[in-house]
Asker: 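Pasting in a structure now, in structure tokens, and then I'll have a few things to ask.
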Amino acid sequence: MDDYYEILQVHPKADADAIRAAYERMLDRYSAARLEGAADELVSLARQKRDDIERAYAVLADPQRRARYDDELALAPADELGEDEETLDYRPLPPAGRAERPRDIDRAQRRASPGGAAGGRLAQVNPALVVFGILAAVALIATAAFLISGQQPGTLLDAQPTATPTVDFNQFESEIAAAEAAAKQSPTDPDKWVDYGNVLYNSAEIVREFQPDSQLYQQRISRWLEATEAYSQALALDPQDSAVRADYGMSSCFYGAGTGSKDYVQRGLAAVQQAAQQLPSDPRVQISLGFCLISDDPPRVSEAMAAWVKVRETQPADSSFGRQAQQMIEQYSK
């Protein structure tokens with residue numbers, strides 16, 4: 001039995017607007033215009049994908065047909081769906097104190113060569129990541145140093161925690177289309193694909209951290225998958241970029257955790273493990289590794305703790321990485 005929710009990449013409880021938005025996004029992804037000049041087999045595959053998307057939407061967009069489909073889906077044996085339904089949990093994981101993907105690090109440092117030394121191709125700091133770095137810091141201590149245009153992330157100011165600030169969950173929306181267009185205009189430039197993946201990542205992460213149980217987050221879960229596709233394009237052009245491989249893995253783990261897909265968690269975990277082998281001293285990669293391990297089924301708690309302890313022992317306690325590793329340890333040791 002086809003899982004129409006999986007085909008459209010929406011939550012089973014998604015409302016009509018979310019289903020419509022997912023349908024349009026998925027249909028655009030496999031549009032014939034995108035594959036102009038591609039091999040015949042890819043064009044044929046895209047056509048089949050569009051047919052599947054149209055069939056899924058025809059059912060889920062009709063309240064009566066959707067209700068009948070949901071009843072049939074509930075009665076379908078697990079093996080007909082290709083997964084064990086009892087193991088699926090569509091609830092997103094709770095926010096982890098902004099500890100999975102530190103934002104206060106220069107892209108030039110992140111894009112390190114194997115072995116951990118900064119080098120190779122240097123890129124400018126992504127403005128979206130700088131903005132998100134400020135936001136994450138505010139959520140942690142409520143007062144942060146403001147950044148001026150072009151400046152690297154600043155040093156946090158000592159302050160007492162105050163009320164959680166108002167968050168603009170749509171602050172990255174205008175950047176997504178521009179980043180996608182830039183990547184498609186320069187398809188052989190890995191940095192363009194990384195920038196596109198980053199803004200997709202940030203647009204989903206900001207909601208996951210502040211409103212993980214919201215309908216908005218359910219609507220944006222599929223962006224983790226879109227981010228993995230963007231990072232995958234970058235890796236195809238630069239396979240040695242271990243920092244991007246870690247981001248690819250984290251996006252896959254977030255998507256798998258949010259949709260209950262063990263395959264995506266496993267795929268993401270493998271990618272982060274590979275990045276950790278190439279960058280064993282990178283604290284950001286180790287924190288990401290711990291999250292993917294904790295998302296596995298069953299959760300590999302002791303291994304995740306070991307990764308975070310490694311960060312805590314090698315990074316200053318008052319540093320961003322040190323604080324984040326400690327938060328993860330405290331959260332998952334309860």
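This is a predicted model, so every value here is computed, not measured. Because only heavy atoms are used, hydrogens play no part in the values below, and waters and symmetry mates are left out as well, while side chains stay in. Numbering of residues begins at 1 and proceeds along the displayed sequence.
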Asker: So, are Glu180 and Lys184 salt-bridged, with charged N and O less than 4.0 Å apart?
Answerer: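 Salt bridge flag = yes for Lys184 with Glu180.
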
Asker: Would you call Glu24 and Arg20 a salt bridge, using N to O less than 4.0 angstrom?
Answerer: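 A salt bridge links Glu24 with Arg20.
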
Asker: Do Phe254 and Tyr264 have ring centres separated by under 6.0 Å?
Answerer: no

Asker: In the structure I gave you, are the side-chain heavy atoms of Trp308 and Leu289 within less than 4.5 Å of one another anywhere?
Answerer: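 No, their side chains stay 4.5 Å or more apart.
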
Asker: Are Tyr23 and Tyr57 close enough that their ring centers fall under 6.0 Å?
Answerer: yes

Asker: Taking a hydrophobic cluster as the set of Ile, Leu, Val, Met, Phe, Trp and Tyr residues connected by side-chain heavy atoms closer than 4.5 Å, whether directly or through intermediates, do Leu8 and Leu45 fall within one such cluster?
Answerer: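 They do not share one cluster, since no chain of ILVMFWY contacts under 4.5 Å joins Leu8 to Leu45.
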
Asker: For the pair Arg55 and Asp52, find out whether any cationic side-chain nitrogen is under 4.0 Å from an anionic carboxylate oxygen.
Answerer: yes

Asker: Inspect the contact between Lys262 and Asp296 and indicate whether a charged nitrogen and a carboxylate oxygen are less than 4.0 angstrom apart.
Answerer: no

Asker: So do the side chains of Arg245 and Gln240 get within less than 4.5 Å of each other, counting heavy atoms only?
Answerer: no

Asker: Do Asp71 and Arg66 meet the salt-bridge criterion of a basic N to acidic O distance under 4.0 Å?
Answerer: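 Answer for the salt bridge query: no.
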
Asker: So, are Arg223 and Glu173 salt-bridged, with charged N and O less than 4.0 Å apart?
Answerer: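 The answer is yes: the pair qualifies as a salt bridge.
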
Asker: Are Met305 and Val265 joined in one hydrophobic group, where the rule is that I, L, V, M, F, W and Y side chains link up if heavy atoms are under 4.5 Å apart?
Answerer: no

